[in-house]
Structures are given as C-alpha cells and as structure tokens.
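Computed from heavy atoms alone, side chains included, the values below leave out hydrogens, waters and symmetry copies. Small disclaimer: the values here were computed from a predicted structure and weren't measured.
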Amino acid sequence: QVQLVEFGGGLVQAGGSLRLSCAASGRFYSINTMGWYRQAPGKQRELVADITSSGSANYADFVKGRSTISRENAKNTVYLQMNNLELEDTAVYYCNAAVKTGFNSYEYLYWGQGTQVTISS
C-alpha cells in the first residue's frame, strides 16, 4: 500500500507565502510524476503543477510566476512553494503520485488526503 501525506497548509494573508510538502511512503518500485491539485468549494479539482522524476515541471497558468514545484526523489517528497498568494488560491490542496508497485506492474495514481489553504484579505 502507498500513502501520501501532505503538510504545510494553513491560514495566510493575501500576498503571503506557503510551502506545501507531500511525502510518499509504503512499498513501491518507482514514482514517476508527482503533482499538486486543488479544489475550491463548488468547483472541480484542478491541476496546479506537476513534476516528473527527472525534474520537468508543468504549471497551470494561474500559478505561473508565483509558484515553484520541486521534489527530492531520495525522500519520495514533492514540494510546492507558493508566493504572492491571492484570495482565489483558497482551496484544499491535494498531492498525487504515479506509482509502480513492481517492475512489471502498471502505474497507479495515488492521492493524499488534502490540506486546507485559506487566504485572508
């Protein structure tokens, strides 16, 4: 079984910064892409950013220039540094990871439980 646990959410004033982290644990062979999604009340879950195991990153337009995704493969951990936060960034942030549990296994997508990020004016 694979578990993803997020840390770092909280209440921040607009213009402030937060750093989210997500660590994967359990038994697995490899982790490919890791990413961050968010879901605001009444809205669909949407991609914020993701990053491959080789470090190639992809960002949603609404965070470009304000956020940086990174990862430490040795720690099976992905980070999301968010700066200049806006009220519209308020959401539950989820991390996910594309995981192979064995050499010949398929790749499965696992999700964390989510961490609340609230931006105040």
Side-chain angles (χ1 to χ4, degrees):
Q1 187 70 326
V2 178
Q3 295 86 37
L4 299 178
V5 180
E6 298 107 335
F7 300 94
L11 175 64
V12 178
Q13 281 193 323
S17 299
L18 270 180
R19 188 189 193 214
L20 306 181
S21 61
C22 171
S25 63
R27 294 174 64 89
F28 48 84
Y29 175 75
S30 66
I31 302 177
N32 189 4
T33 300
M34 301 184 80
W36 288 96
Y37 285 69
R38 71 183 189 185
Q39 187 166 19
K43 295 188 176 181
Q44 289 189 331
R45 192 172 297 189
E46 59 184 353
L47 173 71
V48 178
D50 59 24
I51 184 168
T52 66
S53 57
S54 60
S56 179
N58 172 53
Y59 295 92
D61 286 343
F62 57 77
V63 295
K64 279 182 182 177
R66 300 192 295 126
S67 296
T68 302
I69 189 170
S70 60
R71 64 190 282 175
E72 288 188 77
N73 291 333
K75 295 183 178 181
N76 300 312
T77 299
V78 62
Y79 306 96
L80 183 67
Q81 175 69 42
M82 300 188 291
N83 302 317
N84 194 20
L85 287 161
E86 303 170 350
L87 297 178
E88 294 76 19
D89 294 319
T90 295
V92 178
Y93 284 71
Y94 299 89
C95 76
N96 72 3
V99 179
K100 291 184 68 174
T101 54
F103 178 74
N104 290 318
S105 75
Y106 291 105
E107 200 171 78
Y108 294 95
L109 199 60
Y110 290 87
W111 292 87
Q113 80 287 354
T115 184
Q116 177 70 46
V117 172
T118 303
I119 311 303
S120 65
S121 59

Would you be so kind as to tabulate the donor-acceptor pairs closer than 3.5 Å made by side chains of residues 106-121, with sequence neighbours excluded?
unit_1, atom_1, unit_2, atom_2, d
Gln113, NE2, Glu6, OE1, 3.3
Thr115, OG1, Gly9, N, 3.3
Gln116, NE2, Ala91, O, 3.4
Gln116, NE2, Thr118, OG1, 3.3

- Determine, using ring centers only, whether Phe103 and Tyr29 are less than 6.0 Å apart. yes
- Does some side-chain heavy atom of Phe62 sit less than 4.5 Å from a side-chain heavy atom of Glu46? yes
- Message: Nearest 0.5 angstrom please: Thr33 OG1 to Arg71 CZ, how far?
- Response: 7.0 Å
- Message: Evaluate Ser56 against Ser54 for side chain to side chain donor-acceptor pair (under 3.5 Å), listing each step before the verdict.
- Response: CA-CA 6 Å; Ser56 179; Ser54 60; 5.8 Å; no
- Message: Once salt bridge (Lys or Arg N to Asp or Glu O under 4.0 Å) is applied, do any residues pair with Asp89, and if so which ones, sequence neighbours excluded?
- Response: Arg38, Arg66
- Task: Report the residues that fulfil side chain to side chain donor-acceptor pair (under 3.5 Å) with Lys43, sequence neighbours left out, ordered by chain and then residue number.
- Result: none
- Closest approach of Leu80 and Ala49, non-hydrogen atoms and distance? CD1-CB, 4.4 Å
- Heavy-atom pair of closest approach, residues Tyr59 and Ile69: OH-N, 2.9 Å
- Point-to-point distance, once rounded to the nearest 0.5 Å, from CG of Asn76 to CD of Gln3: 12.0 Å
- Message: Are the side chains of Cys95 and Met34 in contact, using a 4.5 Å heavy-atom criterion?
- Response: no
- Item | Gln13 CD to Leu87 CG distance, which is reported to the nearest 0.5 Å | 10.5 Å
- Item | Reported CG-to-CD distance for the pair Leu20 and Gln81, which is rounded to 0.5 angstrom | 8.5 Å
- Query: Hey, what do you get for CD1 (Ile31) to OG1 (Thr101), rounding to the nearest 0.5 Å?
  - Reply: 11.5 Å
- Task: May I ask you to test the Ser105-Phe28 pair for a side-chain heavy-atom distance under 4.5 Å?
- Result: no
- Between Asn73 and Ser53, is there a donor-acceptor pair closer than 3.5 Å when you use the side chain of the first and the backbone of the second? yes
- Message: So which atom in Gly16 and which in Val12 form the shortest heavy-atom distance, rounded to 0.1 Å?
- Response: CA-CG1, 3.8 Å
